[in-house]
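Inspection log for the structure reproduced underneath, given as structure tokens.
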Amino acid sequence: MPRLIADRLLAAVEPLPHSLRLREVARTAAALASSDLLGLLAELDGRGPYERRLAALAALAGRQARHLIDRIDDPDPVVRRYAHRAVGELLFPGDDLESTMLTASIAVRDELACAVLRAGRTAVAGPLVPVVRRRWGAAEAARLLPVCSAEVVAAELPGLAHAITFSTSLGRRHPAAVLDEAEHRLADLPYGLRQAFWERHALGLAAAASREPARVLELLERHPVRALPAPLHDRLADLAAVSAGPTVRLLLAIDRHRHEPPLRVNVARRLVAARPDGLAALAH
């Protein structure tokens with residue numbers, strides 16, 4: 001019976017253009033009873049590369065996670081791509097991803113990490129962080145942090161921060177943890193190294209500023225910079241909206257000979273509307 005279903009499906013899709021062929025395979029798989037679908041998958045998977053790819057597509061459409069879990073690190077990139085799509089679309093047990101992470105090649109590991117990130121699988125990403133850190137180091141593990149829970153990030157970031165640069169996604173999704181770690185690290189840095197820290201982590205800190213501008217402003221007051229990195233300069237409107245006075249003091253403290261860009265109109269309007277002390281000096 002599975003052989004007959006497979007032969008009929010292949011004959012039906014053979015004359016179709018590629019996109020319609022894939023659509024028909026997916027439609028057929030979704031309509032089959034579970035037992036018939038499992039038989040079809042086994043039959044197609046036992047044939048050539050073309051049929052194996054159709055089997056992976058049919059498994060995704062028919063929500064057969066087990067078939068795809070076993071092919072997370074398949075040598076065929078198309079089969080593997082369907083399996084990685086299932087990370088976001090189906091319920092994949094974290095243990096299966098963990099075991100694959102430990103044994104996969106660099107290329108497959110990269111693809112799988114990207115699939116977890118795209119899917120936003122918080123429950124999967126969290127347990128993977130310590131596994132990846134032990135096997136491949138802090139930088140690799142930190143790639144998963146943006147989709148982890150706040151509790152996991154708060155626990156893991158202090159041990160990873162020395163090896164990473166705060167990314168936009170990490171700063172946007174976990175601003176509190178990023179700013180806590182920035183505050184801790186800046187406190188130990190001499191003045192001469194603070195500028196380098198702000199420059200290196202500017203994207204992540206700027207993203208955090210969009211969520212917690214008051215904390216970023218306080219951090220800049222306690223640990224000032226000679227020149228405001230461009231991503232943080234782009235967040236001046238957020239800083240001015242939360243507190244105009246400290247924003248003016250920040251701008252006055254910057255070395256204007258370092259070719260700081262002019263204030264944007266929305267920043268200037270917010271400062272003028274608040275009329276904080278030092279505004280005249282800044283205008284001059």
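In what follows, every heavy atom counts, from backbone to side chain, and hydrogens, waters and symmetry copies are set aside.
Connection of L117 to I72 is established within a shared hydrophobic cluster, with ILVMFWY side chains joined at heavy-atom distances below 4.5 Å, either directly or through further cluster members. Under the 4.5 Å side-chain heavy-atom criterion for ILVMFWY residues, a single connected hydrophobic cluster contains both L157 and V132. L145 and L179 fall within a single hydrophobic cluster, where Ile, Leu, Val, Met, Phe, Trp and Tyr side chains are chained together by heavy-atom contacts under 4.5 Å. Using a 4.5 Å cut-off between side-chain heavy atoms of Ile, Leu, Val, Met, Phe, Trp and Tyr, with links allowed through other members, V13 and L37 fall into the same hydrophobic cluster. No chain of hydrophobic side-chain contacts below 4.5 Å, direct or via other Ile, Leu, Val, Met, Phe, Trp or Tyr residues, connects I69 to V108.
Note that the CD atom of E181 and the CG atom of L160 stand 9.0 Å from one another [nearest 0.5 Å]. A distance of 7.0 Å separates CG in L239 from CG in L250, rounded to the nearest 0.5 Å. Separation of atoms CG (L205) and CG (L219) is listed at 7.0 Å; rounding is to 0.5 Å. Rounding to the nearest 0.5 Å gives a distance of 7.0 Å between CG of L189 and CZ of F197. Taken to the nearest 0.5 Å, the CG atom of L220 stands 4.0 Å off from the CH2 atom of W198. For the atom pair OG (S34) and CZ (R63), the distance works out to 12.5 Å, reported to the nearest 0.5 Å.
The main-chain N or O of L16 is found under 3.5 Å from a side-chain atom of R21 such that the two form a donor-acceptor pair. Although no hydrogens or angles enter the test, the distance criterion places a donor-acceptor pair under 3.5 Å between the side chain of R71 and the main chain of H67. A donor-acceptor distance shorter than 3.5 angstrom exists from the side chain of E51 to the backbone of G48, with no hydrogens or angles considered. Checked by atom type and distance alone, the side chain of R133 never pairs as donor or acceptor with a backbone atom of A138 at under 3.5 Å. In terms of modelled atom types and a separation under 3.5 Å, the side chain of H84 and the main chain of A115 share no donor-acceptor contact. When atom types are taken as modelled, the side chain of R200 and the backbone of I164 share a donor-acceptor pair closer than 3.5 angstrom.
A salt bridge links D7 and R47; the closest N-O separation between the charged side-chain nitrogens and carboxylate oxygens is under 4.0 Å. Using a 4.0 Å cut-off between charged nitrogen and carboxylate oxygen, R27 and E24 count as a salt-bridge pair. In this structure, D45 pairs ionically with R52, as a charged nitrogen and a carboxylate oxygen lie closer than 4.0 Å. Residues E183 and R222 are paired through a salt bridge, judged by an N-O separation under 4.0 Å between the basic side chain and the carboxylate. Contact check on D180 versus R215 returns a salt bridge, with a Lys/Arg side-chain nitrogen under 4.0 Å from an Asp/Glu carboxylate oxygen.
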Subject >> Chi angles and distances behind the side chain to side chain contact (heavy atoms under 4.5 Å, CB included) call for L22, L54 >> reply: CA-CA 8 Å; L22 299 184; L54 293 185; 4.2 Å; yes

**OP:** Might you work through the salt bridge (Lys or Arg N to Asp or Glu O under 4.0 Å) test for R53 and D76, ending with a clear yes or no?
**Re:** CA-CA 8 Å; R53 292 177 175 183; D76 187 319; 3.0 Å; yes

**OP:** Could you walk me through whether R249 and E221 pass salt bridge (Lys or Arg N to Asp or Glu O under 4.0 Å), step by step?
**Re:** CA-CA 8 Å; R249 291 196 297 272; E221 283 195 288; 3.0 Å; yes

**OP:** Quick one: do V87 and L68 satisfy side chain to side chain contact (heavy atoms under 4.5 Å, CB included)? Show the steps, please.
**Re:** CA-CA 9 Å; V87 172; L68 295 165; over 6 Å; no

**OP:** Before giving the answer on salt bridge (Lys or Arg N to Asp or Glu O under 4.0 Å), spell out for E111 and R81 the whole-Å C-alpha distance, their side-chain angles and the decisive distance to 0.1 Å.
**Re:** CA-CA 8 Å; E111 291 172 1; R81 188 159 60 246; over 6 Å; no

Subject >> V147 and R173: CA distance, side-chain angles, deciding distance, side chain to side chain contact (heavy atoms under 4.5 Å, CB included) verdict >> reply: CA-CA 8 Å; V147 295; R173 295 178 183 180; 3.0 Å; yes

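R143 and D110 get closest at one heavy-atom pair: NH1-OD1, 3.0 Å. The minimum heavy-atom distance linking A123 with P127 is given by the pair O-CD, 3.1 Å. Contact between E199 and A227 at its shortest, heavy atoms only, is OE2-O, 4.3 Å. Here the closest heavy-atom approach between residue Q195 and residue R226 is recorded as OE1-N, 2.8 Å. L40 and I5 make their closest contact through CD1-CG2, 4.0 Å (heavy atoms, listed as atom of the first residue, atom of the second, distance). Closest non-hydrogen pair, A58 versus L41, comes out as CB-CD2, 3.7 Å.
Residues E156 and C148 form no side-chain contact, since every pair of their non-hydrogen atoms from C-beta on lies 4.5 Å or further apart. Annotation: side chain of L38 is not in contact with side chain of S35 (no heavy-atom distance under 4.5 Å). The side-chain heavy atoms of L236 and L228, taken from C-beta on, include a pair separated by under 4.5 Å. Counting heavy atoms from C-beta on, the side chains of V225 and R194 never come closer than 4.5 Å. Side-chain contact between V216 and L232 is present, with at least one heavy-atom pair separated by less than 4.5 Å. Inter-residue side-chain proximity for R235 and P213 is flagged as unmet; no heavy-atom pair is nearer than 4.5 Å. Side-chain contact between Y50 and L10: present, with at least one pair of heavy atoms (C-beta onward) separated by less than 4.5 Å.
Ring-plane geometry between F166 and H201 is classed as tilted, the angle between the planes lying from 30 to 60 degrees on a 0 to 90 degree scale.
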